[in-house]
Chemist: 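Please see the structure below; I have some questions.
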Amino acid sequence: MDPENNIASTSQPLVVAQPRRSSRETKRKRISLEEQDEDQSKVETRAPPAKRKRTQKLGKLAELMIMPMDVLFEIFGHLRPLDLLHLSRTTKEFRRVLMHRSAMSVWKSARTNVAGLPDCPSFMSEPHFANLVFDTHCHECLAPHIRSVDWRIGRRICMRCSKNCMIEEYPGTDPMYAMVPSKYSKRGRPSYYQEEVTEVQNKLASFTNMAERDLYIKERKEYVMELGKYATKLDLWARTQAKDRSEQLDDARRDRKEAIIEKLTALGWGYEIEKIPYRDDLSLHKLVKQPTRLTERIWKNIRAEMIKYMEQMKTQRLERERKALIVERKKIAISVLKDYKIAHLPVVDIMPEPVDFCAFPEVAAIVDMPTEVTITKSSFNSVVDILDQLIDNWRSRLNEELVSKVREHIASNAPSIPEDNEYNFDDEGHIISRNKGKNKASSPPIPSKEEIVHNIKLATTVFKCRNCAPHGGLNFPMFDYPSDSDEDDEDDFMSLGMGLYAALFRRNSDRTPPLFYPKVMGHRCLTKQKSVRWDSSMTDPIATLDYPMMSRTKWSCKSLRIDERASKVVEELVKVAGLNPLTTTATEMDELDARFACGQETCLTWGIDSGDEAEAPVFDWRNAVKHHCSVHHTLDANEEWELLEGEALEDVKKSEEHSPVPPYFLGSTQSNDPSVWICAHCLDLPQEKSPMDIGRIKAHITNFHHTVEQAEENRDYFRDYEAPKNHNSSNYSRLTTPIERSRPDGHYFSPMCDSEEDSYMYGYDDYPDYDLDFY
């Protein structure tokens with residue numbers, strides 16, 4: 001347009017638009033103008049300000065359509081297929097241009113901009129192919145963000161729609177299913193698109209010419225085969241694209257992490273970043289693992305949060321270093337305890353474990369000294385000087401705990417004594433007082449502490465360990481056997497089952513070895529218990545044991561119980577030995593070293609020509625208690641025990657020294673030597689082993705402690721404190737001795753055996769079936 005046409009002529013008067021005014025204002029203006037000069041041409045008016053031109057923001061892409069088509073196609077050719085899809089959905093003009101056949105070259109050019117993308121299949125248009133590969137909406141309900149594509153059926157379907165539009169069928173012999181693309185469902189069955197199945201069925205039903213029908217079937221099968229080939233290619237491409245995208249995101253996260261580390265290092269956190277453990281790595285932080293580039297604006301927003309995180313990492317580092325320092329100090333304390341124990345071999349009294357030793361206030365004070373203080377072995381010299389007194393005090397506390405345990409047992413198991421009389425009478429029969437309640441029950445007096453201390457030392461006070469019972473970790477209540485009642489048969493059956501469980505586990509608990517004072521104080525279950533260590537990163541040396549499911553704990557007698565039935569057996573044995581049960585201790589019974597023959601009828605065997613002389617099994621007094629509790633499941637402890645004396649006793653002891661391994665253990669590694677020896681070099685260390693026999697302990701020292709040329713007792717190995725002297729705890733003795741007993745009627749060997757030896761070997765004798773594996 002000519003700019004001159006927009007300029008007003010100077011010969012004509014300039015007409016200026018007046019601003020809009022109210023009626024009152026107009027009236028006042030009119031009056032004022034009337035008072036002025038009538039010459040209206042001299043009235044000067046001010047022109048209003050020019051209006052600001054409004055900026056047009058919307059519809060800018062509409063101007064693209066006025067461009068030449070070849071230029072427009074050249075621009076579109078640099079886009080990606082998804083961009084063309086979005087552009088075609090903006091206006092009708094773009095859709096008309098991009099969906100026309102003449103724009104096919106644009107779609108092909110856009111497809112080549114995607115690296116590795118397979119060509120468009122012949123049975124699919126370019127826009128359709130782009131919509132399947134790149135657009136993330138469901139083809140059924142248009143739900144967004146559907147990432148998974150069913151390449152084998154050529155559709156993108158969400159999980160909700162797949163339940164309705166997909167069907168699962170077994171192809172069988174129906175040729176129709178070979179003409180429909182399928183995929184495998186989660187249950188492994190072929191899954192078909194229902195609309196396509198219906199379409200193919202209707203199409204097959206519409207044919208009247210068989211040749212046309214066969215041609216259609218052939219084309220459909222070729223289509224299914226071609227779609228399957230393209231599905232394999234597209235699936236491989238999609239996996240490659242996902243992998244590449246994942247690598248790109250990882251690179252972006254790595255760059256962001258390096259940028260954040262650079263920023264934190266500039267603030268003085270470089271040392272803390274190097275000390276961060278793997279589990280707290282910066283790449284795991286929510287502000288670091290984002291795949292976006294770190295800008296100054298972003299760093300300004302996250303700077304305070306990252307500094308707070310680094311302060312937390314510093315606190316955790318100091319805690320880890322403190323724990324590691326405590327661990328090293330505990331190792332030094334353990335070496336001090338180990339030297340003390342070796343210097344006091346052989347062990348004649350209970351010694352503290354590392355857990356108890358490090359709990360001594362004097363030791364804990366040294367271990368918990370500030371980090372700046374250097375702790376060495378000499379730092380514990382003050383503890384070593386008073387260690388005898390500290391251990392004596394510790395033993396006193398343990399004895400008090402055991403006394404309290406026995407006192408609680410007596411109080412909880414004391415029977416109530418009923419009072420039959422309502423009134424109390426004097427010697428002359430006069431009422432002097434009345435009881436508070438009729439038939440009131442009273443408890444017997446509990447022994448004093450001095451009496452309990454005295455009774456604990458007696459041999460008749462027998463302890464048993466609950467942890468030693470082979471019950472597999474199962475604790476069943478000890479139900480009674482069902483009695484005759486009018487209950488239903490089902491209830492009786494359940495009661496009988498629980499009663500059998502009770503009897504089984506009661507028998508297992510009776511197999512636990514009897515424990516006696518003072519050796520019970522050193523029982524291994526009191527300081528070594530089953531446990532699982534979940535945290536293996538920072539192992540406490542005072543509690544660690546290498547063999548699995550075990551760890552050291554502080555001394556505790558919670559697992560100990562008083563075995564009343566075993567106490568009655570010991571009382572009978574003490575009487576048979578000619579001693580007083582009220583004064584005889586377990587140590588005195590060990591020193592007596594007596595042997596007892598079990599005269600119970602079920603334990604006796606008679607030969608064919610032996611008359612009234614039977615063979616009875618022989619035990620020492622401790623194994624005699626085991627024998628009764630595990631074999632004779634009766635509450636009556638008055639067994640017919642017989643004390644061996646004179647030549648019979650000498651013959652039994654000689655046979656014990658030279659007796660071979662019993663037939664039940666032939667081919668086993670067991671020996672007649674008890675497993676009571678502990679390695680002094682492994683003492684109180686994580687590699688400490690359970691007590692071994694003399695052969696195994698010497699082999700252990702030779703194989704693992706090469707500096708030792710010749711192993712010596714009480715220097716390289718020592719006897720376990722818990723193991724009593726003159727006691728073979730490895731297994732039952734199969735030795736027997738003849739005793740005088742009347743032969744029961746009808747007690748003979750099997751006629752298949754020609755001699756007593758044959759009857760013994762073939763198992764036709766009446767010798768009881770002992771549970772030897774436990775002992």
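Numbering of residues begins at 1 and proceeds along the displayed sequence.
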Chemist: Would you call Met99 and Trp107 a side-chain contact if the rule is heavy atoms closer than 4.5 Å?
Modeler: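 They are in contact (side-chain heavy atoms under 4.5 Å apart), so the answer is yes.
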Chemist: Could you tell me whether the side chain of Pro181 reaches within less than 4.5 Å of the side chain of Tyr193, counting heavy atoms only?
Modeler: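 The answer is no; the side chains never approach within 4.5 Å.
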Chemist: Does Gln248, at its CD atom, have more than 12 non-hydrogen atoms belonging to other residues, nucleotides or ligands within less than 6.0 Å?
Modeler: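 Yes, the 6.0 Å shell around CD holds more than 12 heavy atoms from other groups.
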Chemist: Walk me through whether Leu267 and Arg303 qualify under side-chain contact (heavy atoms from CB on, under 4.5 Å).
Modeler: CA-CA 10 Å; Leu267 296 176; Arg303 181 176 180 273; 3.7 Å; yes
Chemist: Is it the case that atom CZ in Arg89 sees more than 12 heavy atoms from other parts of the structure closer than 6.0 Å?
Modeler: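 Above 12, so yes.
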Chemist: Flag the pair Leu84 / Val106 as yes when at least one side-chain heavy-atom distance between them is below 4.5 Å, and no otherwise.
Modeler: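 Yes, at least one pair of side-chain atoms sits under 4.5 Å.
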Chemist: Evaluate the ring planes of Phe134 and Trp237, with Trp represented by its six-membered ring, and classify them as parallel (under 30°), tilted (30 to 60°) or perpendicular (over 60°).
Modeler: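 Judged by the thresholds at 30° and 60°, the geometry between Phe134 and Trp237 is perpendicular.
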Chemist: What pairs of donor and acceptor atoms, side-chain ones from residues 76-83 against any protein atom, are under 3.5 angstrom apart with sequence neighbours left out?
Modeler:
residue : atom : partner : partner atom : Å
His78   : NE2  : Glu74   : OE2          : 3.4
Asp83   : OD2  : Arg80   : N            : 3.3

Chemist: Could you tell me which non-hydrogen atom of Phe129 sits nearest to which non-hydrogen atom of Met124, and how far apart they are?
Modeler: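 Residues Phe129 and Met124, closest heavy atoms: CA-SD, 3.6 Å.
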Chemist: State, yes or no, whether a side-chain contact exists between Leu545 and Pro686 at a heavy-atom distance under 4.5 Å.
Modeler: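 Leu545 does not reach Pro686 side chain to side chain.
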Chemist: Could you report the tightest heavy-atom contact between Cys161 and Cys141, atom names first, then the distance?
Modeler: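 Reported closest heavy-atom pair: SG-SG, 3.4 Å.
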Chemist: Once rounded to the nearest 0.5 Å, what's the spacing between atom NZ of Lys300 and atom CD1 of Ile302?
Modeler: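 Lys300 atom NZ to Ile302 atom CD1 measures 13.5 Å (nearest 0.5 Å).
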Chemist: How far does CG of Leu234 sit from CH2 of Trp151, to the nearest 0.5 angstrom?
Modeler: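 Answer for the CG-CH2 pair, Leu234 versus Trp151, is 5.0 Å.
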Chemist: Which of these, Leu325, Val355, Val367, sits in a side chain to side chain contact (heavy atoms under 4.5 Å, CB included) with Lys330?
Modeler: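 Among the candidates, only Val367 passes.
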Chemist: Quick one: are Glu258 and Arg254 in side-chain contact, heavy atoms under 4.5 Å?
Modeler: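 Result yes, sub-4.5 Å side-chain heavy-atom pair found.
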Chemist: Do any pairs count as a side-chain hydrogen bond (donor to acceptor under 3.5 Å, both in side chains) and have a residue in residues 206-225, sequence neighbours left out, and if so which ones?
Modeler: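 Listed once each, the pairs are Glu196-Arg220.
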Chemist: Taking only residues two or more places apart in sequence or in another chain, which ones pass side-chain hydrogen bond (donor to acceptor under 3.5 Å, both in side chains) with Thr240?
Modeler: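 Thr240 satisfies side-chain hydrogen bond (donor to acceptor under 3.5 Å, both in side chains) with no residue once adjacent residues are dropped.
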Chemist: Taking only residues two or more places apart in sequence or in another chain, which ones pass side-chain contact (heavy atoms from CB on, under 4.5 Å) with Ile75?
Modeler: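 Checked Ile75 against side-chain contact (heavy atoms from CB on, under 4.5 Å); matches are Met67, Val71.
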Chemist: Do NZ/NE/NH1/NH2 and the carboxylate oxygens of Arg293 and Asp255 come within less than 4.0 Å?
Modeler: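 No, this pair does not count.
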Chemist: Check this for me, if you would: do Glu311 and Lys314 make a salt bridge, where the nitrogen-to-carboxylate-oxygen distance has to be below 4.0 angstrom?
Modeler: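 A salt bridge is absent here (no side-chain N lies under 4.0 Å from a carboxylate O).
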Chemist: Check the pair Lys308 / Met313 against side-chain contact (heavy atoms from CB on, under 4.5 Å), numbers first and verdict last.
Modeler: CA-CA 9 Å; Lys308 180 180 179 181; Met313 291 297 102; over 6 Å; no
Chemist: With distance as the sole test, does Asn202 use its side chain to make a donor-acceptor pair with the main-chain N or O of Thr198 at under 3.5 Å?
Modeler: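 Yes.
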Chemist: Could you go step by step and tell me if Gln316 and Ile276 meet the side-chain contact (heavy atoms from CB on, under 4.5 Å) rule?
Modeler: CA-CA 9 Å; Gln316 294 181 4; Ile276 294 178; over 6 Å; no
Chemist: Residues two or more places apart in sequence or in another chain: which of them pass side-chain hydrogen bond (donor to acceptor under 3.5 Å, both in side chains) with Arg152?
Modeler: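 Residues passing side-chain hydrogen bond (donor to acceptor under 3.5 Å, both in side chains) with Arg152: none at all.
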Chemist: Whether the Arg147 and Thr136 side chains hold a donor-acceptor pair (N or O, under 3.5 Å, no angle test) is what I'd like checked.
Modeler: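 No - no donor-acceptor pair under 3.5 Å links their side chains.
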Chemist: Once you round to the nearest 0.5 Å, how far does OG1 of Thr90 lie from CG of Leu85?
Modeler: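 CG of Leu85 is found 11.5 Å from OG1 of Thr90.
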Chemist: Taking salt bridge (charged side-chain N to carboxylate O under 4.0 Å, His left out) as the criterion, tell me which of Arg155, Arg156, Lys183 meets it with Asp150.
Modeler: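 With Asp150 as partner, Arg155, Arg156, Lys183 yield a single salt bridge (charged side-chain N to carboxylate O under 4.0 Å, His left out), made by Lys183.
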Chemist: Asp540 vs Ile326, test: side-chain contact (heavy atoms from CB on, under 4.5 Å). Steps then yes/no.
Modeler: CA-CA 9 Å; Asp540 195 344; Ile326 294 298; over 6 Å; no
Chemist: Give a yes-or-no answer on whether the side chains of Ser185 and Glu168 include a donor-acceptor pair shorter than 3.5 Å.
Modeler: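 Note: Ser185 and Glu168 side chains meet the donor-acceptor criterion.
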Chemist: I'd like to check Pro354 versus Arg552 (side-chain heavy atoms, cut-off strictly below 4.5 Å). Are they in contact?
Modeler: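 Yes, side chains in contact.
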Chemist: State whether the number of non-hydrogen atoms from other residues, nucleotides or ligands found under 6.0 Å of Phe207 atom CZ is greater than 12.
Modeler: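 For Phe207, atom CZ is crowded (more than 12 foreign heavy atoms under 6.0 Å).
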Chemist: How would you list, by chain and number, every residue that makes a side-chain hydrogen bond (donor to acceptor under 3.5 Å, both in side chains) with Arg111, sequence neighbours excluded?
Modeler: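 Scan of Arg111 (side-chain hydrogen bond (donor to acceptor under 3.5 Å, both in side chains), adjacent residues dropped) gives Asp119, Glu126.
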Chemist: For Arg317, is there an ion pair with Glu321 - N to carboxylate O distance below 4.0 angstrom?
Modeler: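 Here Glu321 pairs with Arg317 in a salt bridge, since their nearest N and O are under 4.0 Å apart.
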Chemist: For a 4.5 angstrom cut-off between non-hydrogen side-chain atoms, does Tyr177 reach Tyr192?
Modeler: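 Result yes, sub-4.5 Å side-chain heavy-atom pair found.
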Chemist: If you take all heavy atoms of Leu87 and Phe94, which pair is closest and at what distance?
Modeler: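 Residues Leu87 and Phe94, closest heavy atoms: O-CB, 3.4 Å.
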Chemist: Side-chain contact test, heavy atoms from C-beta onward, threshold under 4.5 Å: evaluate it for Ile157 versus Ser162 and give yes or no.
Modeler: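 Of all side-chain heavy-atom pairs linking Ser162 with Ile157, at least one is under 4.5 Å.
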Chemist: At their closest point, which heavy atom of Leu249 faces which heavy atom of Pro291, and how far apart are they?
Modeler: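 Smallest interatomic distance, heavy atoms only, reads CD2-CB, 3.7 Å.
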Chemist: Any chance you could measure Met166, atom CE, to Ser182, atom OG, to the nearest 0.5 Å?
Modeler: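 So the CE of Met166 and the OG of Ser182 are separated by 8.5 Å.
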Chemist: Nearest 0.5 Å please: distance from the CD1 atom of Ile273 over to the NZ atom of Lys257.
Modeler: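 Taking CD1 in Ile273 and NZ in Lys257, the distance rounds to 9.5 Å.
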Chemist: Kindly compute the distance separating CD1 (Ile146) from CG (Asp135), expressed to the nearest 0.5 Å.
Modeler: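 Answer rounded to 0.5 Å: 11.0 Å.
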Chemist: Evaluate whether atom CZ of Arg322 has more than 12 neighbouring non-hydrogen atoms of other residues, nucleotides or ligands under 6.0 angstrom away.
Modeler: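 Yes, CZ of Arg322 has more than 12 neighbouring heavy atoms, counting only those of other groups under 6.0 Å.
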Chemist: Any carboxylate oxygen within less than 4.0 angstrom of a Lys/Arg side-chain nitrogen, looking at Glu328 and Lys323?
Modeler: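 No, this pair does not count.
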Chemist: If you look at every heavy atom in Arg329 and Val373, which pair is closest and at what distance?
Modeler: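 Shortest heavy-atom separation between Arg329 and Val373 comes out as NH2-O, 2.8 Å.
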Chemist: Can you give me the closest heavy-atom contact between Ile375 and Met369, atom names plus distance?
Modeler: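 Residues Ile375 and Met369, closest heavy atoms: CD1-SD, 3.7 Å.
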Chemist: Between Lys289 and Asp281, does any NZ, NE, NH1 or NH2 come within less than 4.0 Å of an OD or OE carboxylate oxygen?
Modeler: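 No.
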